[in-house]
Every structure is written in structure tokens, then in C-alpha cells.
Number of protein chains: 2
Amino acid sequence: MNRRSHCPISFALELFGDRWTLLVIRDLALMGKSSYTDLLCSDEGIATNILAERLARLEQRGIIRKERDTQDRRRSRYRLTEAGLDLIPVLVEIIVWGANNDDESAIGPEFVREAETDRAGLLARLRADGLQL
Amino acid sequence: MNRRSHCPISFALELFGDRWTLLVIRDLALMGKSSYTDLLCSDEGIATNILAERLARLEQRGIIRKERDTQDRRRSRYRLTEAGLDLIPVLVEIIVWGANNDDESAIGPEFVREAETDRAGLLARLRADGLQL
DNA sequence: CAACGCACTTGTGCATTGCAAGCCAGCACG
DNA sequence: CGTGCTGGCTTGCAATGCACAAGTGCGTTG
């Protein structure tokens with residue numbers, strides 16, 4: 001691997017420093033999605049070649065695991081590994097910042113308040129159940 | 001502005017969903033840099049046209065403020081606004097994740113420990129003084 | 001006032017991305 | 001068994017983004 005520096009932020013950006021990767025991780029981590037077609041139908045409208053490339057990359061870097069569906073063997077299931085789940089705190093801080101700085105945010109102040117008052121509880125709930133919108 | 005969705009993560013990625021923007025914010029927020037030439041000399045080696053474009057964008061979006069240096073009026077000083085400083089928690093979580101997942105990380109476990117045991121204190125210190133490496 | 005440094009701007013070529021279309025394997029149905 | 005449909009990609013091509021090099025204008029310095 002050809003690294004730009006040993007800064008952990010630079011390291012992280014080499015994984016998700018683009019317009020799509022974190023949205024895929026959001027969908028897997030918080031939105032309860034796990035199939036290719038579900039991931040393809042996000043509000044933002046990711047292109048299919050980009051999604052395929054990102055999933056391959058995330059799998060290769062150990063962020064997600066790919067499994068065959070036991071019911072329908074055409075279908076794949078994508079799941080976060082531990083390293084992937086560990087990105088939830090990053091997502092939470094981004095959501096808090098976005099909610100505080102975007103007038104039209106879909107996330108309200110109650111999420112922000114919970115992140116401030118019961119951060120550990122929130123993180124545990126998200127890791128177990130996702131956002132449950 | 002042409003938004004992809006009202007998800008706060010998508011909103012945030014429209015600001016820093018690329019390979020360079022967060023590194024610029026890191027240098028301003030944590031590395032104590034404020035001049036164009038300092039920012040240009042990061043370990044990662046950002047190109048000058050990219051840096052100029054990102055600074056203009058960050059200023060327009062209210063993340064940084066551009067001031068003239070009072071000593072040398074050729075020189076500009078770039079400083080984070082409140083909205084910019086509010087990105088420090090995001091940076092911290094990324095650093096923690098990077099330090100935990102990169103074998104060759106330049107940040108050691110003592111940062112991670114402090115983030116777990118005294119998060120509020122760490123955030124206050126970083127906001128006031130940066131990383132002080 | 002000549003030379004230099006700072007903060008850019010412009011130009012060019014290559015790499016990455018976005019969008020549309022096509023492809024193939026695995027079901028589902030008759 | 002054939003026909004069609006669905007899920008998960010792959011390919012082709014245009015558009016965008018990035019890297020590298022060079023040049024510009026203004027302010028400071030010798």
C-alpha cells in the first residue's frame with residue numbers, strides 16, 4: 001500500500017475520503033441494510049459500478065464481510081466487521097455536527113442531546129440496533 | 001445549493017467528502033497552522049491549486065475566516081470559525097479509529113485512553129491549544 | 001529599484017467518477 | 001424443459017477531479 005503519511009486521519013481518509021464510502025457504511029451500520037439492491041436504493045442514488053467497487057474495497061480492507069444468503073443464493077449479504085462497527089462513533093459525531101450546522105437537517109436536536117447526555121448508551125444502542133427511524 | 005439528501009452525513013460529506021478537505025481542517029484545528037505556505041507543506045503534499053480551491057470553499061461555507069496578517073500584508077491567516085472548531089470531535093473519533101486500526105499509526109494508545117477516560121477535557125484542551133505534538 | 005517571497009491562477013495530462021447499458025447465474029412458473 | 005425475471009455485477013464512454021509545472025501580481029526587503 002502506498003501511504004501518504006502515518007497520520008491516522010490520513011489513514012482513515014484513504015479508506016473513506018470520498019463522496020460515497022461513508023454513506024455505504026451509514027446504510028450498513030445505521031439503516032439496517034445488507035443487500036446490494038437495498039444499498040443501491042439510497043436517497044443519494046449511488047451508481048452501481050461505484051457501489052460494487054466500494055464494497056470490494058471495504059471487504060478487502062476488513063471493514064465488511066460478504067456472505068451468501070442461505071434462502072436465495074443469488075443474493076449476497078454485506079455485514080460490518082468489528083473494525084467496521086468501530087466507525088459508528090465517527091458517524092455519530094458527523095451526524096451531531098451536521099444536525100447542528102444544517103438548517104434543513106432530517107435529524108433533530110433530540111439526537112444531539114442524547115449524544116451529549118448519554119453517549120455510551122447511544123453508542124451501545126446504535127451498535128446493537130441501528131438508528132430505528 | 002444542490003443537495004443529494006437531507007441526511008446530516010450526506011450534508012457533511014458535501015463539505016469534506018474528498019481526499020483533502022479534512023486534512024486542511026486538521027492542520028488548522030490541531031497542528032497550529034494558519035498560513036498558506038504552512039498548509040502547503042503538510043506531510044501529504046497537497047497541490048497548490050487544490051489548497052486554494054479548498055480554502056475558498058471552506059471560507060464560503062463559513063468553516064474558516066480569512067484575515068490579512070498585520071505584520072506582513074502579503075500574508076493571509078486562516079482561522080476556524082465556531083462551526084469549524086465544532087469539527088474537532090469528528091477529528092478525534094477519526095484519530096481514535098485510525099490509531100486502533102492502523103499498525104503503523106503515529107498516534108499511540110495514550111491518546112485513545114484519554115479520549116475514553118476524559119473526553120470532555122481532551123476536547124477542551126484541543127480546542128484551546130491543538131495537539132501540541 | 002531590483003530581487004525575492006507569498007498567495008494564488010492557469011494550463012495540461014492522467015486518474016477517478018458518473019451514468020447507461022449489457023451480461024450471466026439463480027430462481028419461479030408453466 | 002423453456003421463458004422470463006431478479007440480483008449482482010462488468011463494460012464503455014463522457015465528465016469531473018487531481019497532480020504537476022509554470023506564470024502572475026503584489027508587498028516586502030536589501
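As a basis for the values below, the full set of heavy atoms in this structure was taken, side chains included, without hydrogen atoms, waters or symmetry mates. All of these numbers come straight from a predicted model, not from anything done at the bench. Below, chain A is the first sequence line, B the second, and so on; all start at residue 1.
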Using the ring of A/W20 (Phe, Tyr or Trp, six-membered ring only), decide whether B/R4 places NZ or CZ under 6.0 Å from its centre and within 45 degrees of its axis.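 Positive - B/R4 is close enough to the ring of A/W20 and near enough to its axis.
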Just distance, no hydrogens or angles: give the donor-acceptor pairs under 3.5 Å from side chains in residues 105-113 of chain A, sequence neighbours left out.
from: A/S105; atom 1: OG; to: A/I107; atom 2: N; distance (Å): 3.0
from: A/S105; atom 1: OG; to: A/I107; atom 2: O; distance (Å): 3.2

Less than 4.0 angstrom from a charged side-chain N to a carboxylate O is my criterion; do [X] and [Y] meet it?
{"X": "B/D43", "Y": "A/R3", "answer": "no"}
{"X": "A/E93", "Y": "B/R119", "answer": "yes"}
{"X": "A/R127", "Y": "A/D86", "answer": "yes"}
{"X": "A/E67", "Y": "A/R75", "answer": "no"}
{"X": "A/R61", "Y": "A/E14", "answer": "no"}

Give every pair of a protein N or O atom and an N or O atom of nucleotides 27-30 of chain D that lie under 3.5 Å apart, one pair per line with the distance.
from: D/dG27; atom 1: N2; to: B/R74; atom 2: NH1; distance (Å): 3.1
from: D/dT28; atom 1: OP1; to: B/R73; atom 2: N; distance (Å): 3.0

Can you tell me the distance, in whole Å, between the [atom1] atom of [X] and the [atom2] atom of [N]?
{"X": "A/D69", "N": "D/dC9", "atom1": "CG", "atom2": "P", "result": "13 Å"}
{"X": "B/L51", "N": "C/dA7", "atom1": "CG", "atom2": "P", "result": "10 Å"}
{"X": "B/L23", "N": "D/dA19", "atom1": "CG", "atom2": "P", "result": "11 Å"}
{"X": "A/R75", "N": "C/dA28", "atom1": "CZ", "atom2": "C1'", "result": "14 Å"}
{"X": "B/R68", "N": "C/dG5", "atom1": "CZ", "atom2": "P", "result": "19 Å"}
{"X": "A/D18", "N": "C/dG18", "atom1": "CG", "atom2": "C1'", "result": "13 Å"}
{"X": "A/I64", "N": "D/dG8", "atom1": "CD1", "atom2": "P", "result": "13 Å"}
{"X": "B/R4", "N": "C/dT17", "atom1": "CZ", "atom2": "P", "result": "13 Å"}

Is there a side-chain contact between [X] and the phosphate of [N], meaning an N or O under 4.0 Å from OP1 or OP2?
{"X": "A/K66", "N": "D/dC9", "answer": "yes"}
{"X": "B/W20", "N": "D/dG17", "answer": "no"}
{"X": "B/R19", "N": "C/dT16", "answer": "no"}

Applying a 4.0 Å non-hydrogen cut-off, can you work out what B/R54 is touching in the nucleic acid: base, sugar-phosphate, or nothing?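 Result for B/R54 = sugar-phosphate.
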Residues within residues 24-45 of chain A bordering DNA chain D, heavy-atom distance below 4.0 Å: A/Y36, A/T37
Pick the closest DNA chain C nucleotide for A/E53 and for A/T48 by heavy atoms, then say which residue is nearer the 5' end. A/E53
B/I9 and A/I94: which non-hydrogen atoms are nearest, and at how many Å? CA-CG2, 4.0 Å
Strictly by modelled atom types, are B/R54 and B/T21 linked by a side-chain donor-acceptor pair under 3.5 Å?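 Present: a donor and an acceptor within the cut-off.
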Verify whether one side chain among A/R65 and A/T81 offers a donor that lies under 3.5 Å from an acceptor in the other. no
C/dG18, D/dG8, C/dG11: which one has an atom nearest the side-chain heavy atoms of B/N49? C/dG11
Pairwise 5' ranking along DNA chain D for B/I46 and A/L55, keeping only the more 5' one: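 Closer to the 5' end of DNA chain D: A/L55.
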